[in-house]
Amino acid sequence: MTETAGRRTAPDGATVLPTVTSLEELGELLDREGPLYVRWSRGPVHDLAETQSLDYLTGIPMPGLSANPLGVESWWGDRSLRLWVARRLYDYCHLRRERDGDIRPWTLRGREVARGPDNEPLVRDIEPVSWIDLAVIEEAEEEVARQPRPWGPIRR
């Protein structure tokens, strides 16, 4: 990826989006833009050509792209937005390492159409919003590590 005036271009040179560079910036984006999802993939160009994810176990096509909501749940109350978004990113940070580093996190808006086998939202009508810089993932890992209880990413 290459940096161009605060925007990041995908390896194919086609996806130019703003780049979130900190947990605080991600929280501000969430506050400003409303309900967003995070997706770990090769990026919007690849995903929007397919518009559906496959169930990893069976290979069955699902009716949308799997993504994880970033929206803060009401039970979280007035607790730290920084910790909330850190945890939402951290839960799936293992995907990059397990898939040869060719995937990156990015945010999107979309319409939830179903749930996948891990109860994750499946979304359609996708509008890419931003890339999430890998330094934000490191920041999320550090934030989670500072918490009093042990926690690991969601893995199968």
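Hydrogens, waters and symmetry mates play no part in the numbers below; they use all other heavy atoms, side chains included.
The shortest non-hydrogen separation linking Val136 to Ser22 is CG2-N, 3.3 Å. When all heavy atoms of Pro44 and Pro128 are compared, the closest pair comes out as CB-CG, 3.7 Å.
With hydrophobic clusters built from ILVMFWY side chains whose heavy atoms lie under 4.5 angstrom apart, Leu81 shares a cluster with Ile137. Under a hydrophobic-cluster definition in which Ile, Leu, Val, Met, Phe, Trp and Tyr are linked whenever side-chain heavy atoms come within less than 4.5 Å, directly or via other members, Leu122 and Tyr37 are assigned to different clusters. If you chain together hydrophobic residues whose side chains sit under 4.5 Å apart, Ile126 and Met62 never meet in one group. If you chain together hydrophobic residues whose side chains sit under 4.5 Å apart, Trp76 and Leu26 fall into the same group. Under the 4.5 Å side-chain heavy-atom criterion for grouping Ile, Leu, Val, Met, Phe, Trp and Tyr, Leu65 is not connected to Val113 through any hydrophobic cluster.
Of the possible polar contacts, none joining the Asp118 side chain to the Glu120 backbone as a donor-acceptor pair under 3.5 Å is found. Within the 3.5 Å criterion, the main-chain N or O of Pro63 finds a donor-acceptor partner in the side chain of Arg124. Not a single donor-acceptor pair under 3.5 Å links the side chain of Arg87 to the backbone N or O of Trp84. Of the possible polar contacts, none joining the Arg111 side chain to the Val123 backbone as a donor-acceptor pair under 3.5 Å is found. Using modelled atom types, one side-chain atom of Glu25 and one backbone atom of Thr21 make a donor-acceptor pair closer than 3.5 Å.
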For side chain to side chain contact (heavy atoms under 4.5 Å, CB included), just list the numbers for Leu23 and Leu89, CA-CA rounded to whole Å, side-chain angles, deciding distance to a tenth of an Å, and then say yes or no. CA-CA 10 Å; Leu23 289 173; Leu89 291 176; 4.1 Å; yes
Trace of the side chain to side chain contact (heavy atoms under 4.5 Å, CB included) decision for Glu127 with Leu108: CA-CA 5 Å; Glu127 177 189 344; Leu108 60 102; over 6 Å; no
Start with the C-alpha gap between Arg42 and Asp47, add the side-chain angles, then the distance that decides, and say whether salt bridge (charged side-chain N to carboxylate O under 4.0 Å, His left out) holds. CA-CA 7 Å; Arg42 284 184 250 156; Asp47 289 345; over 6 Å; no
For Trp40 and Trp131: C-alpha separation, side-chain torsions, deciding distance, then whether ring-ring contact (aromatic ring centres under 6.0 Å, His included) applies. CA-CA 10 Å; Trp40 291 80; Trp131 289 106; over 10 Å; no
Could you go through Thr19 and Ser130, starting from their C-alpha distance and side-chain angles, then the distance that decides it, and tell me whether this counts as side chain to side chain contact (heavy atoms under 4.5 Å, CB included)? CA-CA 5 Å; Thr19 301; Ser130 71; over 6 Å; no
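Using a 4.5 Å heavy-atom cutoff, the side chains of Glu138 and Glu143 are not in contact. Using a 4.5 Å heavy-atom cutoff, the side chains of Leu57 and Pro117 are not in contact. Between Ile60 and Leu54, every side-chain heavy-atom pair lies at or beyond the 4.5 Å cut-off. Side-chain contact between Thr107 and Ile132 is present, with heavy atoms from C-beta onward closer than 4.5 Å. Counting heavy atoms from C-beta on, the side chains of Arg104 and Leu134 come closer than 4.5 Å. In this structure the side chain of Trp106 reaches within 4.5 angstrom of the side chain of Ser41, judged on heavy atoms. Between Arg88 and Asn68, the closest side-chain pair of non-hydrogen atoms falls below 4.5 Å. Annotation: side chain of Pro69 is not in contact with side chain of Pro35 (no heavy-atom distance under 4.5 Å).
Taking CD1 of Ile103 as the start and CZ of Arg39 as the end, the distance is 8.5 Å to the nearest 0.5 Å.
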